[in-house]
Every structure is written in structure tokens, then in C-alpha cells.
Amino acid sequence: MSKEINILNSNRTEVADAESLRQLDFIDKAKEYVSSLEKELGRKPRACVVTFGCQMNARDSEKLLAILKLVGYEETESEDAEFVIYNTCTVRDNADQRVYGRLGQCSNYKKKNPHMKIALCGCLIQEQSAVEKIQKSYRFVDLLFGTHNIYKFAELLCTCLESDRMIIDIWKDTDKIVEDLPVLRKYPFKSGVNIMFGCNNFCTYCIVPYVRGRERSRSPKDIIKECEKLAKDGVKEVMLLGQNVNSYGLDFKDDDPNRISFPQLMEEVCKVEGIERVRFMTPHPKDLSDELIEVIKRNPKIARHIHLPLQSGSTEILRRMNRKYTKDSYLALVDKIRRELPDVAITTDIIVGFPGETREDVDDTIDVVKKAAFDNAFTFIYSKRTGTPAASFENQVPEAEVKENFDRLLKVVQDTAREQAEKYTGNEEFVLVEGVNEHDRGLVTGRMSNNTLVHFPGDEEMIGSFVKVKLLECHGFYYMGQMV
Ligand code: SAH
Ligand code: SF4
Ligand code: F3S
């Protein structure tokens with residue numbers, strides 16, 4: 001629950017963007033509908049935001065929730081509510097299936113609650129086939145919109161509250177960035193900050209460029225302004241978000257003063273008073289520069305963690321994935337990072353079962369996992385995404401073979417991660433305390449700069465502060481520690 005956190009950009013004095021000001025008018029209008037609903041119900045109407053997918057979606061949901069709270073809904077985590085919105089993901093088929101499953105269950109609430117409205121937004125809704133399916137089989141949905149016009153949520157909410165029809169507003173692409181939208185963070189002390197939207201890489205398996213559009217960078221000025229606002233509001237850690245942060249700024253013209261590189265941007269963010277830790281996600285291995293390594297080296301505020309998606313260790317599969325690096329160049333990059341930044345944890349994403357992948361290709365991936373000694377890896381089974389080039393590649397790998405390769409890989413990933421984790425035992429590290437441990441109220445949980453979780457005796461008062469902790473025992477993926 002996001003209780004004591006301020007909603008930023010909720011009044012006109014804080015907002016400069018003309019479109020955001022326009023949306024504030026719609027918030028005022030929606031307030032009237034919601035307040036008459038409140039009178040009818042004899043209590044505040046409730047709203048629930050359900051989020052699937054990555055950090056970008058999580059950040060978008062913070063904007064949706066801010067608007068729902070501003071117009072007068074009470075936040076709830078249950079879908080038994082007057083307004084439910086699903087912010088969807090479509091990166092793999094199981095993400096789609098989870099959305100449809102939840103939506104089916106939600107219809108039962110709607111049968112009992114005549115005031116209920118159901119909305120869907122996000123990546124899945126950018127797909128024509130999904131919209132058709134919802135129009136045909138989920139007639140009870142009230143509002144559908146995509147990723148490019150999410151800034152219009154207040155306006156669409158008004159239309160939806162006024163109407164009994166299914167409202168659909170989906171754009172193919174956009175070159176627009178709307179600044180200063182209201183936002184209600186999930187955590188008081190940390191926040192995501194979008195630095196760019198979209199992706200131009202077109203990895204052949206990936207749907208993201210089709211549903212998020214082309215790369216658009218925010219101006220450095222707007223990013224810094226947002227970080228300053230967040231710092232003033234108590235945020236200590238920011239995570240700079242983009243599908244490929246290394247291409248930040250490349251969409252600005254050569255002579256545009258906004259055209260600074262991602263490492264330069266990070267240095268600027270590090271200068272913001274009050275921001276004590278800076279994370280970033282995701283850098284593409286094909287263009288992680290020496291400049292970035294240098295900047296990380298000289299800025300202790302930058303987290304000691306690089307998430308460097310490998311996808312495959314086979315040069316041939318990487319070529320067919322359009323990743324633009326090879327097994328050897330990836331390993332050379334990891335070597336350079338380990339040499340220059342020995343205290344940095346490296347994590348990765350791996351896909352198993354890409355079309356045409358052989359046992360030998362997976363052996364190559366396993367070899368890279370061993371050599372790179374990843375601190376953690378997220379392993380995914382390849383999921384065919386209609387509309388991507390790989391969906392029509394020949395030699396889709398039989399399920400049983402994929403499963404066997406996946407299990408072989410997972411074992412090595414887990415063994416490597418366990419070995420890596422243990423090496424910090426006895427160290428003293430600064431931990432940003434995130435909350436009280438759910439299983440043992442005498443413990444608090446926080447994260448080290450390299451993202452490792454640490455549990456140690458403490459209390460609620462510590463939440464949001466940096467505490468120096470001695471790492472006593474490693475339990476696989478987390479440490480038990482003690483304050484020093
Ligand atoms: N922009 C990031 C990743 C975004 S998607 C990058 O380039 O690394 C997050 C992860 O989902 C990817 O790293 C990839 O491992 C996985 N993924 C993407 N498309 C997939 C697909 N079709 N099947 C299985 N996994 C996929
Ligand atoms: Fe997808 Fe590749 Fe873009 Fe990442 S870089 S979002 S994997 S297309
Ligand atoms: Fe999913 Fe969209 Fe993120 S497809 S992974 S929510 S960019």
C-alpha cells in the first residue's frame with residue numbers, strides 16, 4: 001500500500017507540460033463522477049491496479065494509481081473494487097495467459113457489482129489480435145488503451161465513467177513524451193525514472209519494439225528535474241529505466257545540446273543532492289562503452305550491479321537473434337568489467353529453445369555461464385511472438401528437448417550463483433533498508449549496492465535509511481547479517 005507518500009505533480013504549480021495541465025482538468029472532472037458514486041455507495045469507491053511485466057510497467061502503474069487516488073478512489077489490492085485496471089505485458093505467452101486468467105476471474109466481481117468498471121492497458125493491448133479477442137470474448141471490459149497514450153488516462157477515465165460502451169483508444173506509435181504526470185510511488189525511498197521509451201533493436205524473438213515503438217529519449221533537463229523532485233520528497237535511490245540505456249540520447253540531433261551520452265547522464269544524476277544510489281536497467285552488451293565503465297568506477301553512488309542480458313552463448317544463435325555480439329565479444333566484455341570493477345555483480349537473462357537451437361548451442365550458453373560466473377540469471381523458455389521474425393523461422397525446437405536443455409542450464413546457473421554469493425561473507429556493506437521481514441517481524445530486509453538481499457535484526461524506523469551491516473551467513477540468494 002502506498003500510504004504516506006506524496007503524489008507528485010498533482011497541482012498546477014508543480015506542472016509545466018501543457019498536456020499534463022490539460023489532464024489535470026480531466027482529473028477535476030472525474031472527481032465529480034467519483035464523488036457522486038461515493039454518495040450513492042455511502043463509502044469511498046475502491047480502485048485496484050494490477051501490474052504485469054517489467055519495471056517500465058511498474059513505473060506506468062504508479063502514474064495510473066496517482067490519477068485514481070486524485071479523482072477520489074481508495075486504493076485496494078483486491079479486484080473486488082469499483083475500478084480495476086490491468087497494466088499488461090506480452091513479452092512471453094505466459095504473460096498473456098495470466099492476464100486472461102485474471103480477467104476471467106474478475107468478471108465474477110462485475111456480475112455482483114453494477115458500479116464496477118474494468119480497464120486494460122499496456123503492451124498486450126498494442127496487439128490487434130488481443131484487442132479482437134477481448135472485443136469478442138470479454139465483452140464486459142469497459143476501457144482499452146495502449147502504451148503510447150497512457151498519459152491520457154485521466155481523459156479516458158472520464159469518457160469511461162460517462163459511457164456504457166467499451167471505449168477503445170490505441171495508437172500505432174508516437175513521437176511524443178508528456179512530462180510532469182502525477183505519480184504515486186510504491187516506495188517512499190526508491191523510484192524508477194524513465195530516461196527513454198521504446199526500442200530500436202529488433203531482436204528477432206522480441207515483441208517489445210512493436211508494442212513500445214521507436215526510441216525516444218527524455219531531455220537530460222527533465223530527467224534531472226524529476227530526480228531533484230524525488231530527492232526532495234525523500235527518495236534516496238533511483239533506477240534509470242530504458243530498454244537499452246546505452247543508446248540514450250542518440251535520437252537527438254548532433255548539434256542538440258540535449259545530446260549527452262548515457263554515462264554523462266549518470267554523472268549528472270549522481271550530482272543530485274539527496275540521491276545516494278543510482279541503478280540502471282538495461283544496458284545492451286553490444287554497446288556498453290568504456291566510458292560507462294569509467295563513470296561507474298569513479299562514482300561510488302552508482303550501484304555495483306550490471307544486468308547484462310546474454311540471451312544465448314552461441315554465436316550462431318546470437319546472429320539469428322540479431323543481438324550484434326558474439327560469444328567471445330560478450331566474454332571479453334565480462335572480463336573487462338570484472339577486471340575494472342571487481343566489486344560489481346553481473347546478472348543476466350537467457351532464452352532457451354530459440355528456433356534451431358541445438359544441444360551444442362546450449363553447451364555454449366552453459367560455457368558462458370561458467371566463465372562469466374554470473375551472480376544471478378533469469379532463464380526463460382523461448383516463446384513464439386506473432387509478428388516477430390523468429391516466429392516464422394524454421395526448426396522450432398520440440399518441447400521435450402527445450403525442457404531438457406532448460407533443466408541442464410538451470411542447474412549450472414544455480415550452482416554458479418550460489419558460489420558467487422558466498423564470496424561476500426564477512427564483508428561490511430551499506431544496505432538500503434526496504435521493509436520489515438514478513439516471516440520474522442524482528443528482522444528487516446534491505447539491498448546491498450550489488451542488489452543482494454540482506455536480512456538483519458532491526459525495526460520499522462530503519463526503513464528507507466542506509467545501514468552498515470556485517471554479512472554473517474550466506475543462504476543461497478540472501479545473507480543474514482548484523483548491524484555494525
Ligand atoms: N531490453 C532488454 C530486455 C527486455 S525483455 C534487453 O534487451 O535485454 C526482458 C527479457 O525477456 C529479455 O532479456 C529476454 O531474455 C526475455 N524475452 C524477450 N522476448 C522473449 C521471448 N519471445 N521468449 C522468451 N523470452 C523472451
Ligand atoms: Fe527486446 Fe532486444 Fe529491444 Fe531488449 S533490446 S527490448 S530484447 S528488441
Ligand atoms: Fe512486458 Fe512490455 Fe515490459 S511486453 S517486459 S511490460 S515493455
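Counting starts at 1 for both ligands and their atoms, in listed order. No hydrogens, no waters, no symmetry mates; every other heavy atom, side chains included, goes into these values.
For residue Cys54, no N/O/S atom approaches atom 1 (Fe) of ligand 3 to within less than 2.8 Å.
The protein atom (non-hydrogen) at minimum distance from atom 1 (Fe) of ligand 3 is Cys89 SG, 2.3 Å. Remark: minimum distance from atom 8 (O) of ligand 1 to any protein heavy atom is reached at Pro309 CG, 2.9 Å. Annotation: atom 2 (Fe) of ligand 3 to nearest protein heavy atom, Cys123 SG, 2.3 Å. Of the protein's non-hydrogen atoms, Tyr205 CD1, 3.3 Å is the one closest to atom 19 (N) of ligand 1. The protein heavy-atom contact nearest to atom 6 (S) of ligand 3 is Asn57 ND2, 3.3 Å.
Taking CE of Met281 as the reference point, atom CG of Leu240 lies at 11.5 Å (rounded to 0.5 Å).
When heavy-atom distances to ligand 3 are checked against a 4.0 Å cut-off, Arg212 comes that close only through its side chain, counted from C-beta outward.
Because its NZ or CZ atom is not both nearer than 6.0 Å to the ring centre of Phe197 and within 45° of the ring axis, Arg212 does not count as a cation-pi partner of that residue. Cation-pi contact between Lys133 and Tyr100: present, with separation from the ring centre below 6.0 Å and deviation from the ring axis of at most 45°.
Under a 4.0 angstrom heavy-atom cut-off, Asn201 registers as lying outside contact with ligand 1.
Shown in contact with Cys206 at under 4.0 Å from a heavy atom are these atoms of ligand 2, numbered in order with element: 1 (Fe), 6 (S), 7 (S), 8 (S). If you number the atoms of ligand 2 from 1 as listed, the ones under 4.0 Å from a heavy atom of Phe202 come out as 8 (S). Of all atoms in ligand 2, numbered sequentially from 1 with element shown, those under 4.0 Å from a heavy atom of Val208 are 6 (S). Interface atoms of ligand 2 facing Pro209, defined by a heavy-atom separation under 4.0 Å, are 8 (S). Close contacts of ligand 2 with Cys199, meaning ligand atoms under 4.0 Å from a residue heavy atom, involve 3 (Fe), 5 (S), 6 (S), 8 (S). The distance from ligand 2 to the heavy atoms of Arg323 drops below 4.0 Å at these ligand atoms: 2 (Fe), 7 (S).
The two residues Asn87 and Gly122 make their nearest non-hydrogen contact at OD1-CA, 3.5 Å.
Tested against Glu237, the residues Arg279, Arg447, Lys190, Arg185 include a single salt bridge (Lys or Arg N to Asp or Glu O under 4.0 Å) partner, Arg279.
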